[in-house]
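Below you'll find the structure, written out as structure tokens, and then a few comments.
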Amino acid sequence: LLGKVSDRPNWTKIIQAKLAGLKGEPDKSSQPNPADDEMILGMVSRLAARLESEGGPVEDWVRLIRSYSVIGKKREAENTLAKARALFAGNAASTSQLQTIAKDAGLDWR
């Protein structure tokens, strides 16, 4: 999906910077530039499109929900959570993972 490992950006730093920004904390160690933002949005969009068309394991749905939450797209996170809950309704382990991400992301589980 992303090519060689050496071609990949350091996602940890990018996501930490985004989280710091959401918390109102400056992250001096790694400020993402607009190209990073576009790249992240592109990856989230591609993951969403793939899950919509092909489906995927619960881990991918959790990843998408978390991604939407981190980039501030709460409505998309909630919609994705609802779809995933319907898809994995009969699987207790998957439902547990979805419930955990809902709690971590501050989403309504009702």
Side-chain angles (χ1 to χ4, degrees):
L1 176 70
L2 292 174
K4 298 183 291 186
V5 173
S6 61
D7 295 338
R8 296 179 189 170
N10 186 339
W11 293 115
T12 304
K13 287 184 181 181
I14 293 169
I15 291 172
Q16 285 173 338
K18 286 288 184 191
L19 288 172
L22 291 173
K23 293 178 183 176
E25 303 168 357
D27 180 3
K28 297 173 184 156
S29 66
S30 170
Q31 292 293 328
N33 63 40
D36 291 337
D37 290 344
E38 288 180 34
M39 185 172 34
I40 291 168
L41 293 175
M43 290 183 66
V44 172
S45 177
R46 286 189 297 279
L47 177 58
R50 182 179 59 79
L51 290 176
E52 189 68 34
S53 67
E54 302 171 20
V58 70
E59 293 81 10
D60 288 352
W61 289 91
V62 167
R63 186 176 300 115
L64 182 59
I65 294 164
R66 181 177 293 117
S67 297
Y68 278 141
S69 296
V70 168
I71 62 176
K73 294 191 174 202
K74 185 174 181 175
R75 181 170 301 173
E76 287 86 344
E78 290 172 341
N79 291 339
T80 302
L81 176 62
K83 286 179 190 177
R85 285 183 68 182
L87 285 171
F88 297 100
N91 184 316
S94 294
T95 299
S96 177
Q97 289 181 51
L98 293 169
Q99 194 169 22
T100 298
I101 187 60
K103 180 182 175 190
D104 291 349
L107 303 176
D108 189 14
W109 182 253
R110 288 188 250 165

Taking all heavy atoms of P57 and all of F88, pick out the closest pair and write down the distance.
-> C-CZ, 3.9 Å
Check I65 against L81 and note the closest heavy-atom contact, atom names and distance.
-> CD1-CA, 3.7 Å
Within-4.5 Å side-chain heavy-atom neighbours: [X] and [Y]:
X	Y	answer
V44	E76	no
L98	W109	yes
W61	K83	yes
V70	R66	yes

With no hydrogens and no angle check, is any side-chain donor or acceptor of T100 less than 3.5 Å from a backbone partner on S96?
-> yes
Sidechain N-carboxylate O distance under 4.0 Å for R50, D60 | yes
If I take atom [atom1] from residue [X] and atom [atom2] from residue [Y], how far apart are they, to the nearest 0.5 angstrom?
X	Y	atom1	atom2	result
T80	R75	OG1	CZ	12.5 Å
Q99	L107	CD	CG	12.0 Å
S94	E59	OG	CD	7.0 Å

Evaluate the criterion side-chain contact (heavy atoms from CB on, under 4.5 Å) for residue pair Q97 and I101; output intermediate values, then yes/no.
-> CA-CA 6 Å; Q97 289 181 51; I101 187 60; over 6 Å; no
Determine, step by step, whether T95 and R85 satisfy the side-chain contact (heavy atoms from CB on, under 4.5 Å) criterion, reporting the C-alpha distance in whole Å, the side-chain angles of both residues, the deciding distance to 0.1 Å, and the verdict.
-> CA-CA 7 Å; T95 299; R85 285 183 68 182; 5.9 Å; no
May I ask you to check whether over 12 heavy atoms, not counting those of E52, lie within 6.0 Å of atom CD?
-> no
